[in-house]
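Input: a single structure, listed below in structure tokens.
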Amino acid sequence: MSVLDAPLIDRFLDMLWLEKGLSQNTREAYRRDIGQFNAWLVERGLVLEAAGREAILDHLAWRLDQSYEARSTARLLSGLRGFYRYLLREGVIVADPTLQVDLPRLGRPLPKSLSEADVDALLAAPDVGELLGLRDRAMLEVLYASGLRVSELVDLRLEQVSLRQGVVRAFGKGSKERLVPLGEEALHWLERYLRQGREELLGGRISDVLFPSRRGERMTRQAFWYRIKLHARGAGIAATLSPHTLRHAFATHLLNHGADLRTVQMLLGHSDLSTTQIYTHIARARLQELHARHHPRG
């Protein structure tokens, strides 16, 4: 039997699927990490369920000597914590060996964002006199107004949007559902697109996809990313963009205008507030810049 397929690891992964609904990709990442740790233990005559705190610390030191990145080591330790807590709950072990083992410090990169002027230029870039331009304008407006992930945007179905209530029902990671308001501008362009563009874009085909491709099918994330870059060039935006640039701008601009962190967390669909807190660094830098520019003693 492979060390990657130890029965205890299999049971832990089954629990992650049954109780937490984690995706197959996430579960496979846990399998690789814990399986590699298990292989390291086996080489030293140790057993996975009997590994103590010293063994875990020795393994982390070994990874440091092997020049593993801090981020991958942090992911490993996160998986081991979940694994040993599961074994403790199941009565397989009597003490959690990951207690008092600290995560390696990570320098979290700040997400790329856009200024409000850049966002205005990007939203205005599509030629709304053309069918695809009108669709793209509606998509960009919805993306910036709601902070959806690009994958959530291209997956939207007609029944997920309520024009009357002005909200979109999004399904994020782990199929978690959240309601996000759209705002007047996004609703205006969405209504115009639905009235003037979507049926013509479908060309008589039947589909519940909100934003179909030219062929009347669901757009891929890559296809929409290409469209974003196309419009960014047309808007003269020199900043480096990512598929989540408008999502980052959504969060940063909300904080700049006084939104509280918990609200932004809910709108983004983050399960952990610490994931949202990274945006406060961007907002703080913006406030410092404004203070320096406008305060008489800045």
Side-chain angles (χ1 to χ4, degrees), residues 1-109 111 149 151-152 170-178 244 261-262 264-266 268-279:
M1 178 184 295
S2 167
V3 289
L4 297 178
D5 297 317
L8 285 176
I9 299 176
D10 290 337
R11 284 163 52 188
F12 171 60
L13 296 174
D14 288 343
M15 180 278 294
L16 292 179
W17 178 69
L18 288 169
E19 296 185 11
K20 300 189 176 182
L22 295 188
S23 70
Q24 182 176 350
N25 286 342
T26 302
R27 298 197 310 274
E28 286 304 316
Y30 278 128
R31 181 187 297 280
R32 286 191 300 271
D33 287 344
I34 301 173
Q36 287 169 359
F37 174 60
N38 189 28
W40 183 89
L41 291 172
V42 169
E43 288 177 1
R44 289 154 181 79
L46 302 173
V47 181
L48 184 62
E49 58 268 34
R53 178 173 177 270
E54 291 302 318
I56 293 174
L57 290 174
D58 286 346
H59 181 65
L60 296 182
W62 174 83
R63 289 176 68 91
L64 182 63
D65 289 340
Q66 298 298 312
S67 299
Y68 278 85
E69 291 184 357
R71 190 166 299 278
S72 69
T73 299
R75 188 188 66 192
L76 162 74
L77 188 51
S78 176
L80 289 178
R81 283 177 170 170
F83 175 69
Y84 283 111
R85 284 171 188 164
Y86 166 73
L87 295 188
L88 185 64
R89 190 184 77 183
E90 294 294 302
V92 177
I93 59 176
V94 296
D96 180 358
T98 65
L99 292 177
Q100 299 179 340
V101 176
D102 295 329
L103 284 168
R105 294 184 65 84
L106 300 178
R108 297 187 67 185
R149 300 175 179 90
S151 57
E152 294 170 344
F171 295 95
K173 294 181 178 180
S175 299
K176 292 181 180 177
E177 180 181 342
R178 68 187 189 280
H244 283 324
L261 204 59
R262 284 287 182 188
V264 176
Q265 176 194 4
M266 292 173 58
L268 289 174
H270 287 162
S271 57
D272 190 340
L273 186 63
S274 64
T275 309
T276 316
Q277 284 174 331
I278 191 170
Y279 292 105

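Here CG of Leu48 is found 7.5 Å from CD1 of Ile34. Values are rounded to the nearest 0.5 Å. The CZ atom of Arg32 sits 11.5 Å away from the OG atom of Ser72 when rounded to the nearest 0.5 Å. Rounded to the nearest 0.5 angstrom, Leu76 CG and Phe83 CZ are separated by 11.5 Å. Of the inter-residue distances, the one linking Leu46 atom CG with Glu54 atom CD reads 12.0 Å to the nearest 0.5 angstrom. The CD1 atom of Ile56 sits 9.5 Å away from atom NE2 of His59, with the distance rounded to the nearest 0.5 Å. Taking CG of Asp33 as the reference point, atom CZ of Arg75 lies at 4.0 Å (rounded to 0.5 Å).
With Glu152 contributing its side chain and Arg149 its backbone, the two residues share a donor-acceptor pair below 3.5 Å.
Arg63 and Thr73 share a donor-acceptor pair across their side chains, judged by distance under 3.5 Å alone. A donor atom on one side chain and an acceptor atom on the other are not found under 3.5 Å apart for Arg27 and Gln24.
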Where do Tyr30 and Ile9 land on the side chain to side chain contact (heavy atoms under 4.5 Å, CB included) test, with the steps shown first? CA-CA 9 Å; Tyr30 278 128; Ile9 299 176; over 6 Å; no

Using the rule given for side chain to side chain contact (heavy atoms under 4.5 Å, CB included), can you reason through Trp40 versus Gln36, listing the C-alpha separation, both sets of side-chain angles and the distance that settles it, and then say yes or no? CA-CA 6 Å; Trp40 183 89; Gln36 287 169 359; over 6 Å; no

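Residues Arg89 and Met15 are in side-chain contact: their nearest non-hydrogen atoms beyond the backbone lie under 4.5 Å apart. Two residues are said to be in side-chain contact when any heavy atoms from C-beta on lie closer than 4.5 Å; Arg53 and Thr98 fail this criterion.
The minimum heavy-atom distance linking Ala95 with Leu88 is given by the pair N-CD1, 3.7 Å. The two residues Leu87 and Leu8 come nearest to each other via the heavy atoms CD2-CD2, 3.9 Å. Annotation for Gly52 and Pro97: closest pair C-CB, 3.7 Å, computed over non-hydrogen atoms.
Ring orientation note: the planes of Tyr86 and Phe12 are tilted relative to one another, at an angle of 30° to 60°.
Checked for salt-bridge contact, Arg31 and Asp10 meet the test: a charged N lies under 4.0 Å from a carboxylate O. A salt bridge does not link Glu19 to Arg11: none of the charged nitrogens lies less than 4.0 Å from a carboxylate oxygen.
Counting non-hydrogen atoms of other residues, nucleotides and ligands closer than 6.0 Å to CH2 of Trp17 gives a total of 12 or fewer.
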